[in-house]
Number of protein chains: 2
Amino acid sequence: MGLSKTEIFTKEQNHIASIAKVIGHPARVAILQHLFKMDSCICGDLVEEIGLAQATISQHLKELKALGLVKGNVEGQSVCYCIEKSKWVEIKKVLLNFLDQDVTDITKCC
Amino acid sequence: MGLSKTEIFTKEQNHIASIAKVIGHPARVAILQHLFKMDSCICGDLVEEIGLAQATISQHLKELKALGLVKGNVEGQSVCYCIEKSKWVEIKKVLLNFLDQDVTDITKCC
DNA sequence: TTTATTCATTGCAATATTGCGATAAATGTG
DNA sequence: CACATTTATCGCAATATTGCAATGAATAAA
């Protein structure tokens with residue numbers, strides 16, 4: 001149906017998935033990498049750097065902002081974006097916790 | 001257009017995104033968690049455990065297999081699935097490397 | 001005030017994803 | 001062999017995502 005049945009999963013499963021989903025697009029990965037590299041930058045820089053239309057970059061920034069990962073401050077006629085560090089630490093913790101699972105008893109594996 | 005312009009991104013960016021995308025669905029998170037918990041299990045268990053139709057679970061397993069994260073061995077009339085440990089370590093490394101970025105100069109942030 | 005610049009939003013088209021019923025394929029059982 | 005069980009695949013419908021041109025809103029500059 002194209003509709004995730006979020007209600008049948010745990011809050012944790014949905015949380016992990018929603019974080020991964022946002023990172024699951026190369027444009028958003030590129031935006032995050034650029035913001036880290038620059039420590040901060042304006043939207044126009046991202047449009048030039050990444051090579052997608054301004055409307056498209058704005059859309060991706062909106063999703064990053066929705067997750068709280070990125071914040072934007074109006075600076076004159078441009079907008080300065082940067083990583084919301086506390087949120088980054090938080091989502092890092094969630095993903096690390098998920099990734100740190102281990103196959104304990106390999107003999108039971110086929 | 002609904003089509004990711006993968007060609008304008010680096011191989012690394014596409015790689016990170018493709019991994020995150022697969023994890024970006026609660027059903028696949030649930031499948032991975034269950035496989036870790038059980039060390040191995042058969043598909044029928046997953047259908048019962050997760051509560052989606054068999055065809056749907058099979059579809060999600062296919063994506064996990066496409067990434068190489070999960071392998072399945074035929075065992076009689078059922079199939080035994082488990083985590084491909086080496087691949088898990090590999091994707092963990094890729095994601096950790098991405099997640100370990102840090103905002104260095106917070107004063108430049110707005 | 002008029003004009004230019006920058007970013008957000010809207011509306012659209014194209015494609016992708018999710019989910020499932022039906023069915024096929026493979027194996028085990030009687 | 002016929003039949004049951006288990007999983008994969010196909011085909012479909014519904015929804016989501018991606019991308020962009022056009023337009024709007026806000027500010028700066030002339």
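Here the structure is a predicted model, which means the values were calculated and not measured. We name chains A, B, ... by the order of the sequence lines, and we start the count at 1 in each one.
Taking 4.0 angstrom as the limit, A/Ser58 places none of its side-chain polar atoms (N or O) nearer than this to OP1 or OP2 of C/dC7. OP1 or OP2 of C/dT17 has not a single side-chain nitrogen or oxygen of A/Lys21 nearer than 4.0 Å. Contact annotation: A/Lys62 side-chain N/O to C/dC7 OP1/OP2 distance is not under 4.0 Å. The shortest distance between the side-chain N/O atoms of A/Thr56 and the OP1/OP2 oxygens of D/dT18 is not below 4.0 Å.
One atom, CD of A/Gln77, and another, C1' of C/dA8, lie 15 Å apart when rounded to the nearest Å. Rounded to whole Å, atom P of D/dT6 lies 18 Å from atom CG of B/Asn73. Atoms CD1 (A/Ile50) and C1' (D/dC20) sit 16 Å apart, rounded to a whole Å. Rounded to whole angstrom, the span from the CG atom of A/Leu64 across to the P atom of D/dT18 amounts to 11 Å. Nucleotide D/dT7 holds its C1' atom 16 Å from the CG atom of B/Leu52, rounded to whole Å.
Residue B/His60 has its side chain nearest to C/dG19 when only C/dG19, D/dT6, D/dA28 are considered. Residue A/Ala55 has its side chain nearest to D/dA21 when only C/dT18, C/dT5, D/dA21 are considered. Looking at the side chain of B/Gln54, the nearest of the listed nucleotides D/dT7, C/dC7, D/dA28 is D/dT7. Here the nucleotide nearest the side chain of B/His25, chosen from D/dG19, D/dT7, C/dG19, is C/dG19.
No engagement by A/Ile57 is indicated, since no non-hydrogen atom pair under 4.0 Å with the nucleic acid exists. When heavy atoms are screened at a 4.0 angstrom cut-off, B/Leu61 is found touching no nucleic acid atom at all. Within the nucleic acid shown, A/Ser78 comes within 4.0 Å of sugar-phosphate atoms alone, with no base atom in reach, counting heavy atoms only. Within the nucleic acid shown, B/Ile42 comes within 4.0 Å of sugar-phosphate atoms alone, with no base atom in reach, counting heavy atoms only. Within the 4.0 angstrom heavy-atom criterion, only backbone atoms of the sugar-phosphate kind lie near B/Ala53; the bases stay farther away.
Taking for each of B/Thr6 and B/Val47 the nucleotide of DNA chain D with the nearest heavy atom, the 5'-most of the two is the partner of B/Val47. For the pair A/Gly76 and B/Val79, nearest-nucleotide mapping onto DNA chain D gives the more 5' position to B/Val79. Comparing A/Gly44 and A/Phe9, the nucleotide of DNA chain C nearest to each residue sits closer to the 5' end for A/Gly44.
Salt bridge A/Glu90/A/Lys87: present, at least one basic N to carboxylate O contact under 4.0 Å.
Judged purely by atom type and a 3.5 angstrom limit, A/Arg28 uses its side chain to pair as donor or acceptor with the backbone of A/Val22. Formation of a donor-acceptor pair under 3.5 Å by the B/Lys92 side chain with backbone atoms of A/Leu99 is found in this model. B/Glu63 places no side-chain N or O within 3.5 Å of a backbone atom of B/His60 that could act as its donor or acceptor partner.
Relative orientation of the B/Phe36 and B/Trp88 rings is perpendicular, given thresholds of 30° and 60° on the angle between their planes.
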